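All values below come from the heavy atoms of this structure, side chains included, with hydrogens, waters and symmetry mates left out. Within every chain, numbering begins at 1; the chains are lettered A, B, ... in the order of the sequence lines, protein sequences first and strands thereafter. Remember, it's a predicted structure, so these values are computed and weren't measured experimentally.
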Amino acid sequence: MHQILVIAWREITRLRKRFGGASPIAVFLLLAALGLSAFALRSSVSLGNGLYRVAVSGDVPTIQDSRFSVSSIDPAQGKTLLEQHAIDVWVNGAQVQARGDDQSLFAVKALKQDLEALELARIGASYADETAFPLRVGINYLAPQNVQGTAPPAKPEEIIIPSLTPPPAPFIQVLVGMLYIIPITFISIFFTTSFMDEKVNRRLTILLSAPITPFQIIFGKMLPYAIFALGTTVLIAIQTHADVLLALAIFAPTILFIFAIYLMVPLLYRTFKDTTFIAMLVTTLTTAYLVFPAMFTNTNDLAYISPLALAVKMYRNEPFGWREYLFPSLPMAAIFGLAMYAGTRMLNEEFLMGYRPITRKITDAIYLMMAHIRPSLSVPLWSLMVIPGVYMAQVVFLAFATNLPLRIMLGVVLVASALVEEVVKSIGIVVLAEHGKVRSIRHLLGLAFLSALGFLVGEKLLLLVSLSVVSDAPVAGALFGAGVFLLIPLFAHFAFTSIVTFLRTKVKIPYALALAAGALVHSLYNWYVMNGGLR
Amino acid sequence: MTPFLAVIKKELQSVIRDRTILIAVLIQLFIASFSSGLLLGVLSLYDPDTIMQSGSVQIRIGLVGPAGNPLEALMREVGLRVTPYATLAEAQTAFYGNKVNAIILIPTDVGVSGSTSEIKLYLPSSDAASSLIRMVIQAPFKQYENILRAQNGIEVRYKDLKGKPSTSFEFIYSVLLPMLMFFPAFVAGSMSIDMLTEEVENNTLQTLLSAPLTVNSMIGAKIVSAVILAALQCIAWLALMQLNGIAIQNVGWILLLAVVVAGLTSTSAMLAAVFLKDRERSQFIYSLALLVVTSIGTLLDISPIKTISRLGIGDTYTGGWDVAMFALFLAALCLVLMKVSRRVMG
């Protein structure tokens, strides 16, 4: 523990030295940047900035929407300008004139929201409330069927005025949720850079020869940044009047997840350009993974794959249970654990300094993780441990594919997930075989069986959490293999893995082809299962 | 001139050899294609017209109340199925028998002028279903409110505007197009920093400068290779968008603007790298400066994002002159960089 603290302190000193000279200016710049961008975003957060041109004449309320460029014109010119495509809409007093083409009709639709709101403001200001807003709607929720009749209402009655109460939409809360993610990403980039810096300066080599473990190095270097990240989470929670402890509980696994991913960047890069590209890639992937699902909060249960969905719930004061909490958090924490383990194995000089193709580098990393215990133990453990990653990938496929037509969607998801599963089950064995650790066919088949076993055990564990949350997604059952007893899938997974590893190591065909063959058989099996073949 | 080209060739070759950029671009392609579809899906979820147009959703409302209430016709107009029931108990039986998804109760004294009317809406307790119904039923409620206002003698203007749902149009031209055109520019800036600081930190800069090559042409070559990569990506994105049937006007100007912006980001990034000479601080200052400049640009209303969306839809008042203005910025920035780099590094 002491060693970890020493490294953490050393990290802070390093950071202070790096930014020491410019710190007041940097801090000022940072604050100015944040303030400015928040201010700029406030005025132009809407979609379609400056897309439409509107001309007004006569008594028209002032349109203050960044989508419209508004100009006042003489009523005589209106028709001509409209026909010349110089403007999209002409608001002449209470009249709205448009052309028949798409651009003009889009503009009318966009203008409708604005004008309605402005009209409401006018009415609200010039009449008494009862006459201006004469309708009240009391919203009640009916409890589910099993308690019908005598059941008390699920929630207390909520009384709304339709024109003043917009229907619920999570966008605002998703944006607030993103506020938490941005500083975490920024901080983790610093963490990455610190590692790179040590690598370039060869100081990591010295550190590695000291009597401390790689785990202590990684953890010690991560500690200050993790504390910064937690600190910003607390700050944002206070600023946005959220429950601090709840916010920490929601975002701590996310912080670990983002750090885990950014830990891989300095370990795998070869040149500076690499880091930029990998970091870009990681940023897009994590943002897509965290933000998009949260937009479906309350419309699709799959939204819970993102912790932001929990944040949305938190900001709406809606309760959520342990299952909803564990559904996104558990896989993220597991990925962090896996990444930490991988990091400690990869943190050796030979691996860090070598320049090899990126695919080679990744397989080397996997070999390093597997080779230090017996294959009969490391292979099933590997299959078990990567389950959260597989599961995240599959849920992402599912989420992405939901906007395809149903038939194509099923096909795409089944094939893609079969491919991912085959990769994780076979890669360990293939890598071991390449280093001469697996020779006989019997050994190969034995490992394939263990890999399938590890995978299946992990899958069933995960099932306990996931299926209870994702109830209405039709494909989830087929993906996670619900309702099928265990021996057949075990044998099936064993068969697929054997096909891939055998084709690769004994027939010596390229890995991609071997994988395609295994995945093809696997997806045919999935298809069969999904059509009720095993009932 | 030849050493200049040699540096460009070296940088581009190293990018191709590393292969990470190819992977990065491919995965971005995957994400962009799906996430734009996904985002559109999400946006349309919040647009009741689109929900009802798609026809995949069938919402049935049980109505309890006096016959001939205008709300009934208004709900039918947006595509809701309305079934009248005599009492609330009957409607609830229908609700639990899955015959209706929600119930509306209109009391008999509704619509008396001068007083507020209160109707009741009974929704299923499932979040997903109830928020969908509330979204769709919003428009009939508002129209009904307008009818009640008219009874109170209040005339509401602009209430019959129709138009076409504009979310996907706005998304494509104001988010997707600028994102695809300017993201490569952002990467080009980061890459410029990488190319220079790598030479500095690996101590290869002096060797490079001992070749018949001035500081400015070395830096220029690195910027040019970053911009070439950005331009190639933009061309690919534009071609892909056209293939997907997205009509884009002024393609030439758009590409030129994207290249100019890539030049702006690379030059300013290089400026940071020339001053600071290490990757960590340069990247940080560069990202920060980009954020500040974008914000100031938005505030002053000279944003290339707006220009590119307007070029994309073929706005009458936007054309080559707007691009020329940004090119002017670029020229000025290049001059500054040349002066600075000669003094700092030469």
Proximal component of Ile159(A), with respect to chain B [non-hydrogen, under 4.5 Å]: side chain

Arg122(A): side chain to side chain donor-acceptor pair (under 3.5 Å) partners, not counting sequence neighbours: Glu119(A)

Which residues share a salt bridge (charged side-chain N to carboxylate O under 4.0 Å, His left out) with Asp102(A), sequence neighbours left out: Lys164(B)

Options Met191(B), Arg310(B), Lys142(B), Lys306(B), ranked by heavy-atom pairs under 4.5 Å with chain A, top entry: Arg310(B)

Check: Ile154(B) main-chain N/O paired with Thr131(A) side-chain donor or acceptor under 3.5 Å: no

Pairwise distance CD1(Ile161(A)) to CZ(Phe141(B)) - rounded to 0.5 angstrom: 13.5 Å

Most chain A-contacting option - heavy-atom pairs closer than 4.5 Å, from Ile103(B), Asp278(B), Thr197(B): Asp278(B)

Heavy-atom pairs under 4.5 Å with chain A, option from Ile313(B), Ile137(B), Val293(B) with the top count: Ile313(B)

Nearest-0.5 Å distance that lies between atom CD in Gln283(B) and atom OG1 in Thr193(A): 8.0 Å

Residue, of Glu116(A), Arg53(A), Gln95(A), Lys112(A), that accumulates the most heavy atom pairs under 4.5 Å with chain B: Arg53(A)

Top contributor to chain A contacts, counting heavy-atom pairs under 4.5 Å, from Thr307(B), Asp315(B), Leu105(B), Thr316(B): Asp315(B)

Pro162(A) backbone acceptor or donor facing Gln138(B) side chain under 3.5 Å: yes

